[in-house]
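Note sheet for the following structure.
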There are 2 protein chains.
Amino acid sequence: MFLLSISKTIMTQTDTRQRIIDAAEQLFAEKGFNNTTMRAITGMADVNLAAVNYHFGSKESLLQEVFERHILPLNKERRRRLEAVRAATMIKKEPLKVREVLTAFISPTLKLRDAGPSARNFLSLVGRSLSDADDTPRRIFFTNMRPIFELLFDMMCEALPETPPGHVCWRLRFALSSMGQVLIGTDFTSALFPQADAHQTTQQIEELLLDFIIPGMEESH
Amino acid sequence: MFLLSISKTIMTQTDTRQRIIDAAEQLFAEKGFNNTTMRAITGMADVNLAAVNYHFGSKESLLQEVFERHILPLNKERRRRLEAVRAATMIKKEPLKVREVLTAFISPTLKLRDAGPSARNFLSLVGRSLSDADDTPRRIFFTNMRPIFELLFDMMCEALPETPPGHVCWRLRFALSSMGQVLIGTDFTSALFPQADAHQTTQQIEELLLDFIIPGMEESH
DNA sequence: CTCAAATTCAAACATGTGTTTTAATCGATC
DNA sequence: GATCGATTAAAACACATGTTTGAATTTGAG
């Protein structure tokens with residue numbers, strides 16, 4: 001009885017929370033954090049205006065939850081794969097390969113492209129965060145990304161022992177912003193060159209992306 | 001007398017206009033369009049709140065003027081250099097070279113990095129525009145960039161006759177977003193890897209950027 | 001100096017914002 | 001069914017926003 005009542009209570013609670021998060025995710029992805037109003041969120045979620053502040057405390061905390069819902073498991077998977085790459089090369093006593101390191105980071109990310117509209121909206125949010133002018137989303141993004149970025153950076157420096165860290169850092173930034181373009185969506189391409197953008201599968205885009213950034217990453221100038 | 005009076009009138013008028021544009025440029029670059037208030041702009045410019053609407057009509061028109069002040073001459077120079085490349089290769093009856101096309105587009109852009117704080121702020125604005133969620137800045141940006149983007153795209157397709165236009169389009173997008181990271185400023189690098197980001201000159205960064213994107217651009221997968 | 005136009009100014013306006021409040025409603029336990 | 005805590009609901013709050021207004025001031029020409 002006790003457990004049942006608890007689970008029922010939690011059920012309805014998370015139902016409202018879930019609807020809010022879903023709506024916020026979609027609107028944040030489409031219009032950005034600042035251009036999304038609480039009234040738009042609660043309207044789309046079909047809940048009362050005060051529900052956001054009741055369940056999340058503030059609009060900013062809501063963004064944080066929207067963000068963390070996907071970034072936490074994603075970064076866990078990234079770390080798992082990065083460390084698997086490191087372990088495998090240590091066993092074989094080979095040096096780290098740029099392609100393997102980048103793939104370990106990027107592949108789990110792009111997998112989310114086909115994991116439903118919620119994940120897709122989340123990716124859009126992430127794609128913009130790298131160059132967002134808005135304080136709040138950028139702070140939340142970088143706070144969550146710092147540890148995994150540092151691991152990626154360290155392994156990349158290890159894979160490119162001849163390249164100065166300052167160069168690795170810039171190249172990584174270029175590579176990540178390129179990935180960001182994939183995450184955002186197709187607005188740019190279809191808006192500018194509608195004739196060029198045939199529908200590409202995520203797999204094809206991942207190859208396109210990796211083929212673009214890996215040669216630049218390994219360049220030995 | 002007539003000319004003098006006119007010039008004097010224009011002087012004071014453009015003086016106010018100039019101060020507003022300068023302040024707006026800096027604030028738009030730092031905080032983004034939506035997070036910059038009219039009161040912040042007029043406060044920094046030390047003019048009356050109503051001056052923006054009197055001289056420009058609206059906040060959006062102000063952004064347009066801020067943008068066009070630098071984008072018009074910049075795109076003119078880009079076009080000049082792109083067409084110079086095309087003319088030179090036609091005379092020599094050689095195929096277009098990826099490096100030359102990209103350099104013709106990118107080099108005039110990065111030159112602005114050392115052309116004073118105003119140009120620097122403008123670049124920051126441009127760098128963010130590629131992935132901006134906000135309607136207004138993105139629309140103004142793409143409207144102004146479409147023609148030069150199309151020229152760049154056409155020449156790049158010509159330089160890469162074996163590569164399908166859909167691939168060229170994606171690679172161009174990757175390349176431009178990488179350039180965008182240079183334009184935005186150093187927040188990312190210094191925030192995440194403070195130890196790695198030695199001060200680089202614009203010339204060095206341009207080399208870094210071109211060395212990164214050219215191999216990916218030419219990749220023949 | 002005088003006058004008319006251009007510009008500046010302080011104030012108000014209308015609306016939109018995130019948040020808070022207070023009462024009503026619901027759900028589960030006794 | 002009564003009761004208590006959790007949730008929802010409607011309204012208001014306090015403030016920030018871009019814009020407009022109408023008077024004051026400045027400017028330049030006759």
Side-chain angles (χ1 to χ4, degrees), chain A residues 1-24 27-28 31-66 133-137 139-140, chain B residues 1-25 27-28 30-66 133-137 139-140:
Chain A
M1 297 310 117
F2 181 68
L3 279 176
L4 184 65
S5 66
I6 283 284
S7 79
K8 253 196 177 175
T9 303
I10 289 179
M11 257 313 179
T12 57
Q13 179 183 351
T14 55
D15 187 53
T16 303
R17 285 179 59 96
Q18 204 73 14
R19 282 218 306 283
I20 291 175
I21 291 188
D22 286 336
L27 290 169
F28 288 161
K31 318 238 179 209
F33 179 68
N34 252 280
N35 288 326
T36 300
T37 68
M38 303 280 272
R39 283 159 182 85
I41 296 169
T42 52
M44 173 178 280
D46 201 36
V47 300
N48 187 270
L49 171 61
V52 172
N53 290 283
Y54 177 78
H55 285 285
F56 299 90
S58 69
K59 190 187 178 190
E60 177 169 339
S61 302
L62 170 59
L63 173 63
Q64 181 136 355
E65 290 225 24
V66 165
D134 203 339
D135 268 358
T136 305
R139 181 167 34 79
I140 291 176
Chain B
M1 298 307 124
F2 182 67
L3 280 177
L4 185 65
S5 67
I6 285 282
S7 78
K8 253 197 176 174
T9 302
I10 289 178
M11 255 317 179
T12 57
Q13 181 181 352
T14 53
D15 186 54
T16 303
R17 283 178 61 96
Q18 205 72 15
R19 283 218 304 282
I20 291 174
I21 292 187
D22 286 337
E25 188 174 62
L27 290 169
F28 288 161
E30 284 172 2
K31 317 238 179 209
F33 179 68
N34 252 279
N35 288 327
T36 301
T37 69
M38 302 282 270
R39 284 161 181 82
I41 296 170
T42 53
M44 173 177 281
D46 201 35
V47 300
N48 187 270
L49 172 60
V52 172
N53 290 282
Y54 177 78
H55 285 284
F56 298 91
S58 68
K59 190 187 177 190
E60 176 169 341
S61 302
L62 171 60
L63 173 63
Q64 182 136 354
E65 290 225 26
V66 165
D134 202 339
D135 269 356
T136 304
R139 181 168 34 78
I140 291 177

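In what follows, every chain begins at residue 1, and chains take the letters A, B, ... in the order their sequences are listed. Small disclaimer: the values here were computed from a predicted structure and weren't measured.
The distance between atom CZ of A/Phe33 and atom P of C/dG18, rounded to the nearest whole Å, is 8 Å. Straight-line distance from the NZ atom of B/Lys59 to the C1' atom of C/dG16: 13 Å, rounded to whole Å. Separating the CG atom of A/Asp15 from the P atom of C/dC26 is a distance of 16 Å, rounded to the nearest angstrom. For the pair B/Arg19 CZ and C/dT7 P, the computed distance is 14 Å after rounding to whole Å. The distance from atom CE of B/Met38 to atom P of C/dA12 is 19 Å, rounded to the nearest whole Å. Atom CG of A/Asn34 is separated from atom P of D/dT17 by 11 Å (rounded to the nearest Å). C/dA14 atom C1' lies 14 Å from atom CG of B/Asn53, rounded to whole Å. The CD1-P distance, from B/Ile41 to D/dT19, rounds to 10 Å in whole Å.
Backbone-only engagement by A/Thr36 is indicated by non-hydrogen atom pairs under 4.0 Å involving sugar-phosphate atoms exclusively.
Summarising the geometry of B/Pro137 relative to B/Leu63, their closest heavy-atom pair is CA-CD2, 3.8 Å, with the distance given to 0.1 Å. Annotation for B/Ser58 and B/Asn53: closest pair CA-OD1, 3.9 Å, computed over non-hydrogen atoms.
Each of D/dT19, D/dT8, C/dT8 was ranked by its minimum atom distance to the side chain of B/Tyr54; first place goes to C/dT8.
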Under 4.0 Å protein heavy-atom contact, by nucleotide of nucleotides 10-16 of chain D - B base, S sugar-phosphate only: B-B----
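Between A/Ala51 and B/Val52, it is A/Ala51 whose nearest contact on DNA chain D lies nearer the 5' terminus.
The distance from the CZ atom of A/Arg19 to the CD1 atom of A/Ile21 is 12.5 Å, given to the nearest 0.5 Å. To the nearest 0.5 Å, atom CD1 of residue B/Ile140 and atom CG of residue B/Asp135 are 11.0 Å apart.
Contact check for A/His55 versus A/Glu65: no side-chain heavy atoms found under the 4.5 Å cut-off.
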For residues 33-49 of chain A, which side-chain donor-acceptor pairs fall under 3.5 Å, sequence neighbours excluded?
residue	atom	partner	partner atom	Å
A/Asn34	ND2	A/Asp134	OD1	3.3
A/Asn34	ND2	A/Asp134	OD2	2.2
A/Asn34	ND2	B/Asn35	OD1	3.1
A/Asn35	OD1	B/Asn34	ND2	3.2
A/Asn35	ND2	A/Lys31	O	3.4
A/Asn35	ND2	B/Asp134	OD1	3.0
A/Asn35	ND2	B/Asp134	OD2	3.4
A/Thr36	OG1	A/Leu27	O	3.2
A/Thr36	OG1	A/Gly32	O	2.7
A/Thr37	OG1	A/Ala40	N	3.0
A/Thr42	OG1	A/Met38	O	2.8
A/Thr42	OG1	A/Arg39	O	3.4
A/Asn48	OD1	A/Ala50	N	2.9

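Residue A/Ser58 has no polar side-chain atom (N or O) positioned under 4.0 Å from OP1 or OP2 of C/dG18. Between B/His55 and C/dT8, a side-chain N or O to OP1/OP2 separation shorter than 4.0 Å is present.
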